[in-house]
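A quick write-up on the structure given underneath.
Note that ligands are numbered from 1 as they come in the structure, with each ligand's atoms numbered from 1 the same way. Just the heavy atoms: all of them, side chains too, but no hydrogens, waters or symmetry mates, feed the values below.
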Amino acid sequence: MNRSYFILLSFFILSLAKYSFGQQTITPGSLQIQLLQKPIPVTIDHKPTLVYEMHFTNTSSLNLEITGFSILNLANKDTLLNYDQTALNSRLQPIATRNNPGKGAIIQPAATHILYIEANTSRRKFPAIFHHVRFKAAGDSIHHLERNHDTLTLSSTQPTIFANPLKGGNWTAVYDPSWQRGHRRVVYEVKGRQRIPGRFAIDFIKIDSAHYAEGNEDSIQNWLGYAEEVLAVADGEVASVRDDFPESATLAAHPVYRSEQATGNYISLKLTTNRYVFYEHLKPGSIKVKPGQKIKKGEVIALLGFTGQTTGPHLHLHLADSNSPLGAEGLPFIFETFTLIGRYPDFSKFGKATFNKVRPEKIRHEMPPSNTVVIFE
Ligand SMILES: [Zn+2]
């Protein structure tokens, strides 16, 4: 069963009640704002972090432009986060599965754009917050409409705790919520509802100090992580398995797969109601488990491979709220422990230059930060 939150946000008018542009009128209600998922705070880089989206729908007959977005502390009205025009243009994206020619912060009539939000705080936990949104008729540079909405109730759910998914290291935890084509921005529409299964997905790629392959990297056998053992991150029951994808011996020979075949060979491990771990791109013939089988934390369940939609051998790992690789919402998870040893602040250097070493730090109950190098012990 999918658990879905659908919260229509109420609002009050801050400034102009309405504004007429030519023959047309827009009001604060011309922008419908929806929060489909209550964010679950997750600790990253020692900071409580929220990763969530809001859906903005233009209910007017004019093009609307979002010109400001802030998160404020409900208690003292301090601004915790502010997205300017440039940020909004890259963080607002039309729902791609519809025929929607809108772009960035400009939303056409009847169109919906998703705003991708990441916020963190140096406090121990997030205070009660509210959002402030500023918008106008596109082309009008003077008259802005503004909306606040009620306190955002954060989910009281705790992120799921994972044991090691792999052995040793060095593993680069590859993800970046701002990548336009990365996990977080890939929205799947299943039965008329848009979902983001990879909201918190991590691709683990093994490296030495700088390289992910020894010798010719076109040969997948040369990749350091290839055929490494993949482990159950918790006790659970195998919910589903797919093991019919072949593997190409070289990157060059790898076919292009449609997004419905993105997973390649995979295992879905059910931890509890509405909590499924997805292990993707597994090596053909390596899956050692069957649906219905009970698994213990730490068991070897498969080997890392190169199947499905991928550009090199790696383990794709994510947690979702139902047993569907694409038709589910991605949820945050944290590891019991990992040792952080480095970072790639500029990911274009990955595979070419050594990572920025940091003083090794054993971290408990956090998600590895974006594009960092970790060791599982
Ligand atoms: Zn992935």
*According to the salt bridge (Lys or Arg N to Asp or Glu O under 4.0 Å) rule, which pairs have a member within residues 224-247, sequence neighbours left out?*
Lys167-Glu229, Lys206-Glu228, Asp235-Lys296, Glu237-Lys294, Arg242-Asp244
*the Zn ion (ligand 1): protein N, O or S atoms [distance under 2.8 Å]*: His183 NE2, Asp203 OD1, His316 ND1
*Of all the heavy-atom pairs spanning Glu329 and Asp321, show the shortest one and how long it is.*
N-OD1, 2.9 Å
*Does a donor on one side chain and an acceptor on the other come within less than 3.5 Å for Ser30 and Ser60?*
no
*So which pairs with a foot in residues 340-353 pass side chain to side chain donor-acceptor pair (under 3.5 Å), sequence neighbours left out?*
Asp45-Arg343, Asp346-Ser348, Asp346-Lys349
*Does any pair with a residue in residues 367-377 pass side chain to side chain donor-acceptor pair (under 3.5 Å), and if so which ones, sequence neighbours excluded?*
Thr339-Glu377
*Derivation of the salt bridge (Lys or Arg N to Asp or Glu O under 4.0 Å) call for Arg184 and Glu53*: CA-CA 10 Å; Arg184 168 87 188 293; Glu53 303 82 36; 3.0 Å; yes
